[in-house]
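Just below is one structure, and these are the notes that go with it.
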Amino acid sequence: MRPAFAVGLVFAGCCSNVIFLELLARKHPGCGNIVTFAQFLFIAVEGFVFEADLGRKPPAIPLRYYAIMVTMFFTVSVMNNYALNLNIAMPLHMIFRSGSLIANMILGIIILKKRYSMFKYTSIALVSAGIFICTFMSAKQVTSQSSLSEKDGFQAFAWWLLGIGALTFALLMSARMGIFQETLYKQFGKHSKEALFYNHALPLPGFIFLASDIYDHVVLFNKSELYQVPVISVAMPIMWFYLLMNVVTQYVCIRGVFILTTECTSLTVTLVVTLRKFVSLIFSILYFQNPFTLWHCLGTLFVFIGTLMYTEVWKNLGTTKSQLPKDDKKD
């Protein structure tokens, strides 16, 4: 029952979160910092009350390790959100972030000296090809906009390249953070809720450096048109409503993933998250009418087939944790 409930939370929370993020980004593409700050603040307050017991519960993992993890986590979150302000469309944003398997494999080979089967290398090649196709076609769309002059077109393409660089850096940093977190869990045991709290609470002072940008968007949000919130019949600026719903759905999404990690194998979690990304991507394309060519379809198909091949999910359907080989339990 709990796994089914967790899957429902993941799909409901994560998919709706993407919708509200795109609604925010379409109106104000540079609002990534205020969105990140609101998400961090909400989860930090919730964790301080229910996980840290108002500061009375000491952390199981020393804070110096969390400081390193938090630096990486904060950087990844800011870079991913800021990329939306650099001519990166939401579908490409989601597809590119689906390439986390590539980054994890590369850093796992380099840092942990891991070795993989040819089947897994093939799946990673498919994911790489899919991301390359989508990235290349998006580049052509950026440079071929007829409404732009040659100078403006080059400038738009330059910003797009910077956005791709930001996404690539965030992808590699996220993989490095995952490896670091894996080593900590092996040493101190798994404390996912604690890590969730400290990963969101410790970076809050860093938002001081982004205070000016956050304040500017507070002013912009206040000026947005009023929206009558259903059920409670309260009028509020619509951008604040979008932000509130984004924060709430982000929390639901994270809680669903946490329950899944405690109830299911890592392969099942990967499958659920992958399918959730696919549903979010299709909905974004259909509802918001984002440009999506046959080449984008082919690239997306490569990404998700490669991801499912990597998890070898068909070999593990119906397999409980106690039945898994030792190597899979470690995941």
Side-chain angles (χ1 to χ4, degrees), residues 1-26 31-32 34-51 73 76-78 80-81 84 90-91 93-98 100 170 174 177-178 181 190 192-201 203 227 229-232 236 238-288 290 304 307 311:
M1 181 62 184
R2 279 176 61 86
F5 176 69
V7 170
L9 289 181
V10 170
F11 273 86
C14 299
C15 291
S16 54
N17 177 258
V18 171
I19 295 171
F20 288 109
L21 177 59
E22 184 151 3
L23 287 170
L24 287 164
R26 278 174 168 261
C31 68
I34 190 173
V35 172
T36 305
F37 174 69
Q39 292 174 350
F40 276 48
L41 182 63
F42 181 86
I43 295 175
V45 170
E46 189 274 342
F48 181 73
V49 175
F50 297 104
E51 173 60 26
F73 183 72
V76 169
S77 297
V78 171
N80 275 327
N81 282 324
L84 293 173
M90 185 61 73
H93 192 275
M94 288 187 286
I95 293 168
F96 206 94
R97 292 179 67 180
S98 296
S100 56
S174 179
M177 182 182 70
Q181 194 168 5
K190 290 189 175 183
S192 300
K193 287 189 68 177
E194 178 184 287
L196 180 66
F197 164 62
Y198 283 105
N199 278 344
H200 289 80
Y227 175 74
V229 182
V231 183
I232 61 176
M236 64 187 301
I238 194 168
M239 294 302 292
W240 285 116
F241 174 73
Y242 290 158
L243 181 61
L244 175 64
M245 295 305 297
N246 178 269
V247 169
V248 172
T249 53
Q250 173 77 357
Y251 177 74
V252 172
C253 173
I254 291 178
R255 289 293 297 145
V257 173
F258 169 74
I259 296 174
L260 270 183
T261 58
T262 59
E263 295 290 329
C264 307
T265 67
S266 61
L267 294 172
T268 303
V269 176
T270 303
L271 173 63
V272 172
V273 173
T274 300
L275 293 177
R276 191 278 304 170
K277 289 179 180 178
F278 183 76
V279 172
S280 297
L281 177 63
I282 298 302
F283 188 86
S284 173
I285 294 162
L286 297 177
Y287 184 80
F288 293 102
N290 283 305
F304 288 104
T307 301
T311 62

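In what follows, residues are counted from 1 in the order of the sequence shown.
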Would you sort out whether Y198 and F73 count as a side-chain contact (heavy atoms from CB on, under 4.5 Å), showing the intermediate values? CA-CA 10 Å; Y198 283 105; F73 183 72; over 6 Å; no
So I254 and Y251, side-chain contact (heavy atoms from CB on, under 4.5 Å) or not? Walk me through it. CA-CA 5 Å; I254 291 178; Y251 177 74; 5.7 Å; no
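Rounding to the nearest 0.5 Å gives a distance of 13.0 Å between CD of Q250 and CE of M245. How far CZ of F42 is from CG of N246: 11.5 Å, rounded to the nearest 0.5 Å. To the nearest 0.5 Å, the span separating CG on L9 from CZ on R255 amounts to 8.5 Å. Distance check: C14 SG to I19 CD1 gives 11.5 Å after rounding to the nearest 0.5 Å. Atoms CD and CG, on Q39 and L243 in that order, are 8.0 Å from each other to the nearest 0.5 Å.
Heavy atoms only, all atoms of each residue included: S16 and T249 are closest at OG-CG2, 3.2 Å. For W240 against I34, the heavy-atom pair with the smallest separation is CH2-CD1, 4.1 Å. Residues G256 and V10 approach most closely at C-CG2, 3.5 Å, considering heavy atoms. Residues L21 and V35 come closest through the heavy atom pair CD1-CG1, 4.3 Å.
Not counting sequence neighbours, Y242 has no partner by the ring pair (Phe, Tyr, Trp, His ring centres under 6.0 Å) test. Not counting sequence neighbours, the partners of Y227 by the side chain to side chain contact (heavy atoms under 4.5 Å, CB included) test are V229, P230, I238, F241. For E51, the salt bridge (charged side-chain N to carboxylate O under 4.0 Å, His left out) partners are K57, not counting sequence neighbours.
The main-chain N or O of G13 is never found under 3.5 Å from a side-chain atom of N17 such that the two would form a donor-acceptor pair. Side chain of S174 to main chain of A170: no donor-acceptor pair is present (N/O by atom type, distance under 3.5 Å, no hydrogens or angles).
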